[in-house]
Novice: 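I have a structure here, written as structure tokens, and I will follow up with some questions on it.
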Amino acid sequence: MQRSIIYTSLRNLLKDNIKWIFNLDIEEVTINKQISLPPKPEMGDMAFSCFLLARELKKSPQMIANELSMKMIFSEDDIFKKVEQTGPYLNFFLNEKNLSKAVLICSKKGSLTKPFEKKQDKIMVEFSQPNTHKGIHIGHIRNMAVGDSLIRILRHTGYETISANYLGDSGAHIAACLWHYEKSKMENTNNSEKGEWLGIVYTEAKKYLEENPTEKNNVSKVQKLLENKDPYWICLWNETREWSIEYFKSIYKWLDIHFDVWFYESEEEEPGKVIVEEFLNKRIFKYSDGAVICELEDLPLAIVLKSDGTTLYSTKDLALAKRKFEEFHIDRSIYVVGDAQSLHFKQIFSILKKMGFKQADKCYHLAYGMVSLPEGKMSSRTGNVVLFSDLKKSMNEYIYESYLDSKKDWSDEKKKVTSRKIIVAAIKFGMLDQDVKKNIEFRMEDWLSFEGDTGPYILYAFARIQSILRKSEKSGMEIEPDFDNSHLLTMSEEKYVIMDIQEFPDIIEHVANDYCIDELCKYLLKLSKDFSKFYHNCSVLKADRGLAAARLQLIKAVSEILKTGLNLLGIDPPEEM
RNA sequence: GCGCCUGUAGCUCAGCUGGAUAGAGCAACGGACUUCUAAUCCGUAGGUCAUUGGUUCGAAUCCAAUCAGGCGUGCCA
């Protein structure tokens, strides 16, 4: 339930008055359900509908609204000052002076942006999971953006968190890549990063195999050699695997994404086989057509070991889940994985439960929709991809051409740093501002045009605030800590900003509970838009001294919230743009 | 065949635990730069909420069916 100043005050006001006028005790959650915003701002600041009360009191909602509006009493220091009835609705008007004061006191104490109280639960979020020997493309970035942001949000809301990566460093795709690498003697002519180049080798291998299907036998041979730990191929595997890992690490660093633990598929194969053996003995698993399966109540049966005795994705996921529970003692386990694997995870969680892990109930598959290109589905097999490095390059060029080149007084280093921050913001915000479960289509032009509902828009609002703050400091207009003028903030532009900022903790709480990161994005956009309107209509530096001080406090609060909110999305805003 | 997800303005999407006249951004058109940074702001225009039926005082929202798209559906991940 919302704990913000406005919601709490309105709930209390309604509860007290309903008790007093109708002698009815009504639960806070019931009141909460009926609180909304009026359709138009001039109708009021907050609304309450009387439909549920009508049921309780056996009167028409209109009559109840009318009676409440006539008899309701507001105290001098309440943040609401009056109410108007419109049909079954009550529209409340805020007392701007009291509201501003109350909200800015909170902001000054830092209570709007500080991390929440520590919680008991330990949560692991597994994300990214790239395959070695393949390239990183924009589809992978959505996963990274979601997982990283979720970790940051959960940490902020007080959970102990572990961010986990899980590398696909075994399997057929590697055999194909290494086989082709050996056979074709391909050279890294572009001198691109070795790890990325491996991805190109892999794509070439797949193309070649499409045209020469008979060669697939040779790939299988390599795979067998790898599984049998043939020294030559293992050596090559080790070396190239390192290239991929270095490549991934450079991307994570650039995107400011961190992992607390790294898991590897190659390390879960043997433990996986042990688990299969154990639960065959316990009769939880059984043989079927030579493979090992687990039958489930409401789901299709799952195969947990292939008939040739080799492991599957599921084998390794079971082993890893066990490790997560037993070695890391986690209470909740979140898997950020594409929605194509929904059934797989339903099965895994169900099997874990059969295996006796109580934590299975606290496993959650955060399924995200795929990123596609206007030309169709992306695939590293067919090479229909936008590699991350290319994306980075073209965005960088765009930013320089359209804007940074004109900053004659900026150093090259400053331009470089700023460009990176803007690109990160554009990419991550683009990935996060839509419902995570929906497929998104990546259009280069839209991402490169930094207009409208984008990360850079928010960055720009933040940068403008920093500019005002810098100028105010220079001119000696520093905020005196004990001096409070917030009651002077009564203009509608100021009120909307105030209303936004007091809502921030509620937003975070909601986002952390429902994993709806897009709502944080939408909130930050709204705050930025409301700030921009304020910026155009209410000058800070040209205002009278007292008002200027109050407005400085206000924009400082906005700035802190923007920064905190952006950081929760994995975005670090530049001080200047 | 069955299961899950999606369908809202020309485009990209909000709104979906039922409530007031369905909202943003882009694109289009018109306006605001001797500025606290115009990557901004203001305004105009744009809708059979896929279709049909049901529940309800009230449905974009809930239910059913249909249509369209995506994904999955015993040895890929």
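Labels below follow one simple rule: chain letters A, B, ... track the order of the sequence lines, proteins then strands, and each chain is numbered from 1.
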Novice: Scan A/Ala291 against the nucleic acid and name what it touches under 4.0 Å (heavy atoms): base, sugar-phosphate only, or nothing.
Specialist: base

Novice: Can you name the salt bridge (charged side-chain N to carboxylate O under 4.0 Å, His left out) partners of A/Arg323, sequence neighbours left out?
Specialist: A/Glu268, A/Glu327

Novice: For B/rA14, does the base pair up with any side-chain atom of A/Asp433 as donor and acceptor (N or O, under 3.5 Å, distance only)?
Specialist: no

Novice: Just call it for A/Lys40: base, sugar-phosphate, or nothing, with non-hydrogen atoms closer than 4.0 Å on any strand.
Specialist: base

Novice: Strictly below 4.0 Å: does A/Lys437 bring a side-chain N or O up to OP1 or OP2 of B/rU6?
Specialist: yes

Novice: Under 4.0 Å: is that the gap between some side-chain N or O of A/Lys306 and OP1 or OP2 of B/rC76?
Specialist: yes

Novice: Under 3.5 Å, is there any donor-acceptor pair linking the side chain of A/Ser288 to the base of B/rG74?
Specialist: yes

Novice: At under 4.0 Å between heavy atoms, what does A/Ile293 touch on the DNA or RNA strands: base, sugar-phosphate, or nothing?
Specialist: base

Novice: Hey, is the side chain of A/Lys438 poking within less than 4.0 Å of OP1 or OP2 on B/rA14, counting only N and O atoms?
Specialist: yes

Novice: Can the positive tip of A/Lys522 be found less than 6.0 Å from the middle of the six-membered ring of A/Phe429, inside 45° of the ring normal?
Specialist: no

Novice: Counting only side-chain N and O atoms of A/Lys471, is one of them less than 4.0 Å from OP1 or OP2 of B/rU37?
Specialist: yes

Novice: Any cation-pi pair here, A/Arg241 with A/Tyr264, using under 6.0 Å and within 45°?
Specialist: yes

Novice: Taking the same atom, P, in B/rG72 and in B/rC57, what whole-Å distance lies between them?
Specialist: 44 Å

Novice: State the dot-bracket string of RNA chain B. Criteria: Watson-Crick or G-U wobble, both atom distances under 3.5 angstrom; notation: ( ) intrastrand, [ ] crossing earlier pairs, | interstrand, . unpaired.
Specialist: (((((((..((((.....[...)))).(((((.......))))).....(((((..]....))))))))))))....

Novice: Between A/Gln34 (CD) and B/rA20 (P), how many Å, whole number?
Specialist: 12 Å

Novice: Taking 4.0 Å as the cut-off, does a side-chain nitrogen or oxygen of A/Tyr368 come that near to OP1 or OP2 on B/rC71?
Specialist: no

Novice: Can you work out whether A/Asp339 or A/Gly168 has the more 5'-proximal nearest nucleotide on RNA chain B?
Specialist: A/Asp339

Novice: So, A/Ser314 versus A/His344: side-chain donor-acceptor pair below 3.5 Å or not?
Specialist: no

Novice: Do any side-chain nitrogens or oxygens of A/Lys407 fall under 4.0 Å of OP1 or OP2 in B/rU37?
Specialist: no

Novice: Using every non-hydrogen atom in the two residues, find where A/Pro300 and A/Gln347 come nearest and quote the distance to one decimal.
Specialist: O-NE2, 2.9 Å

Novice: Taking donor-acceptor contacts at under 3.5 Å, does the side chain of A/Ser307 reach the base of B/rC75?
Specialist: yes

Novice: With a non-hydrogen cut-off below 4.0 angstrom, is A/Glu265 in contact with a base, only sugar-phosphate, or nothing?
Specialist: sugar-phosphate

Novice: Would you please confirm or rule out a distance under 4.0 Å between OP1 or OP2 of B/rC4 and any side-chain N or O of A/Ser342?
Specialist: no

Novice: Taking atom P of B/rG3 as reference, at what distance in whole Å does atom CZ of A/Phe345 sit?
Specialist: 23 Å

Novice: Between A/Asn396 and A/Ser419, do the side chains contain an N or O donor and an N or O acceptor separated by less than 3.5 Å?
Specialist: yes

Novice: Could A/Glu493 and A/Lys495 be called an ion pair, given the rule that one side-chain N must be under 4.0 Å from one carboxylate O?
Specialist: no

